[in-house]
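Order of appearance sets the numbers: ligands from 1, and atoms from 1 within every ligand. Values reported hereafter were calculated over all heavy atoms of this structure, with side chains retained and with hydrogens, waters and symmetry mates removed.
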Amino acid sequence: MRALVVYESLWGNTGQVARAIADRLGSTATVDVVDSDAAPATVDGYDLVVVGGPTHAFSMTRPATRAEAVTKHAAPHQPARGIREWLDQLERPSTPIAAIAFDTRVDSPRLPGSAAKAMRHELRSLGFETMVKQETFRVHGYEGPLLDGELARAAGWVDAVVSTVAR
Ligand SMILES: Cc1cc2nc3c(=O)[nH]c(=O)nc-3n(C[C@H](O)[C@H](O)[C@H](O)COP(=O)(O)O)c2cc1C
């Protein structure tokens with residue numbers, strides 16, 4: 001199996017989850033991990049695509065929310081291209097490819113909205129097989145860190161995904 005993990009991250013929390021997912025996938029697959037700025041224009045040739053990013057303003061980030069993260073909240077990194085723009089530019093796969101989405105969000109049950117839900121919707125529109133539900137991993141505040149146990153939970157999620165995709 002060949003897997004591609006594409007992530008976007010301003011403070012590094014989503015990147016940590018992406019690497020935990022890639023490490024776990026590495027036991028059953030050949031894995032490439034790239035951030036959204038370096039992500040390819042086509043994913044043909046992969047058997048599984050994993051897409052992850054932070055939730056900003058209830059959905060995927062936008063140029064304005066990424067700029068706000070840096071100017072108002074001192075985020076250390078501002079991706080030039082987020083997952084939203086990468087998906088906008090991504091070629092439709094020539095054969096159906098399994099895809100899963102995850103996001104990071106603050107640890108507040110009162111805040112609605114999920115970047116991963118929007119990602120999964122976009123992936124489905126592009127023709128990906130999106131039978132596995134999106135997953136959310138929680139951070140403390142805007143900058144993190146991740147809550148205890150989230151990286152282990154990410155690894156467990158991947159195990160469940162692999163068994164579903166391989167079926
Ligand atoms: C401008 C902005 C808007 C945000 N909006 C939301 C939101 O609607 N819901 C939420 O749960 N978290 C929100 N957050 C918090 C981010 O989800 C959090 O910073 C992110 O998970 C950290 O991941 P990263 O380290 O990979 O950037 C927002 C953060 C910023 C900077």
Side-chain angles (χ1 to χ4, degrees), residues 3-26 29 31-40 43 46 48-90 99-126 128 130 132-161:
L4 174 69
V5 180
V6 181
Y7 71 94
E8 172 189 351
S9 191
L10 288 82
W11 278 276
N13 299 283
T14 316
Q16 280 187 53
V17 177
R19 278 183 290 279
I21 286 171
D23 284 352
R24 189 57 152 243
L25 278 173
V31 189
D32 295 319
V33 190
V34 288
D35 69 30
S36 51
D37 278 317
V43 294
Y46 288 101
L48 173 66
V49 177
V50 183
V51 184
T55 298
H56 279 187
F58 317 121
S59 189
M60 290 185 273
T61 75
R62 297 175 183 276
T65 66
R66 299 196 293 272
E68 184 184 330
V70 172
T71 56
K72 286 198 184 156
H73 305 286
H77 176 65
Q78 184 177 349
R81 181 178 70 168
I83 294 292
R84 180 190 294 273
E85 294 83 26
W86 174 63
L87 289 174
D88 280 350
Q89 294 163 356
L90 185 63
I100 55 173
F102 72 93
D103 60 28
T104 55
R105 297 159 65 183
V106 297
D107 185 31
S108 165
R110 279 165 301 166
L111 269 185
S114 156
K117 195 171 178 185
M119 287 172 200
R120 185 181 179 206
H121 181 81
E122 286 302 314
L123 287 162
R124 190 182 301 139
S125 301
L126 280 165
F128 287 87
T130 56
V132 177
K133 195 169 176 241
Q134 71 276 356
E135 189 55 271
T136 285
F137 301 96
R138 298 281 179 177
V139 300
H140 292 286
Y142 274 16
E143 70 279 9
L146 287 157
L147 268 60
D148 285 349
E150 289 299 70
L151 295 179
R153 202 163 64 78
W157 180 57
V158 168
D159 288 343
V161 166

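Protein heavy atom nearest atom 27 (O) of ligand 1, with residue, atom name and distance: Leu10 N, 2.9 Å. For atom 1 (C) of ligand 1, the closest non-hydrogen atom on the protein side is Thr65 O, 3.7 Å. Of all protein heavy atoms, the one lying nearest to atom 9 (N) of ligand 1 is Leu111 CD1, 3.5 Å. Counting only heavy atoms of the protein, atom 31 (C) of ligand 1 lies nearest to Ala69 CB, 3.5 Å. Among protein heavy atoms, the minimum distance from atom 13 (C) of ligand 1 is reached at Thr55 O, 3.1 Å. Scanning all protein heavy atoms for the shortest distance to atom 11 (O) of ligand 1 gives Val106 N, 3.0 Å. Remark: minimum distance from atom 21 (O) of ligand 1 to any protein heavy atom is reached at Thr104 OG1, 2.7 Å. Ranking protein heavy atoms by distance to atom 25 (O) of ligand 1, first place goes to Asn13 ND2, 2.7 Å.
Within the 4.5 Å cutoff, side-chain heavy atoms of Leu111 are placed close to those of Phe58. At a threshold of 4.5 Å between non-hydrogen side-chain atoms, the residues Arg19 and Tyr7 count as touching. For the pair Val5/Asp32, no side-chain contact is recorded, criterion being any heavy-atom separation below 4.5 Å from C-beta on. Residues Glu150 and Arg138 form a side-chain contact, since some pair of their non-hydrogen atoms from C-beta on lies under 4.5 Å apart. Within the 4.5 Å cutoff, the side chain of His121 has no heavy atoms near those of the Lys117 side chain. For the pair His56 and Glu68, the minimum side-chain heavy-atom distance is 4.5 Å or more. Looking only at side-chain heavy atoms (C-beta outward), Gln89 and Arg81 come within less than 4.5 Å of each other. Residues Val161 and Val50 fail the side-chain proximity criterion, which asks for heavy atoms closer than 4.5 Å.
Those atoms of ligand 1 with a heavy atom of Val139 less than 4.0 angstrom away are 21 (O). The distance from ligand 1 to the heavy atoms of Arg105 drops below 4.0 Å at these ligand atoms: 11 (O), 17 (O), 21 (O).
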Could you list the donor-acceptor pairs under 3.5 angstrom formed between side-chain atoms of residues 70-79 and any protein atom two or more places apart in sequence or on another chain?
unit_1, atom_1, unit_2, atom_2, d
Thr71, OG1, Ala67, O, 3.0

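With atom 19 (O) of ligand 1 as the reference point, the heavy atom nearest to it among Tyr142, Phe137, Phe58, Tyr7 is part of Tyr142.
Heavy atoms of Gly12 come nearer than 4.0 angstrom to ligand 1 in at least one pair.
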- Query: side chain to side chain donor-acceptor pair (under 3.5 Å) between Gln134 and Ser114: does it pass, once the steps are laid out?
  - Reply: CA-CA 9 Å; Gln134 71 276 356; Ser114 156; 5.0 Å; no
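Of the polar atoms of Ser9, at least one N or O is found under 3.5 Å from an N or O of ligand 1, judged by distance alone. Residue His73 has no N or O atom closer than 3.5 Å to an N or O atom of ligand 1. Between Thr14 and ligand 1, an N or O atom pair is found at a separation short of 3.5 Å.
Counting heavy atoms closer than 4.0 Å to ligand 1, residue Ala57 contributes backbone atoms (N, CA, C, O) but none from C-beta onward.
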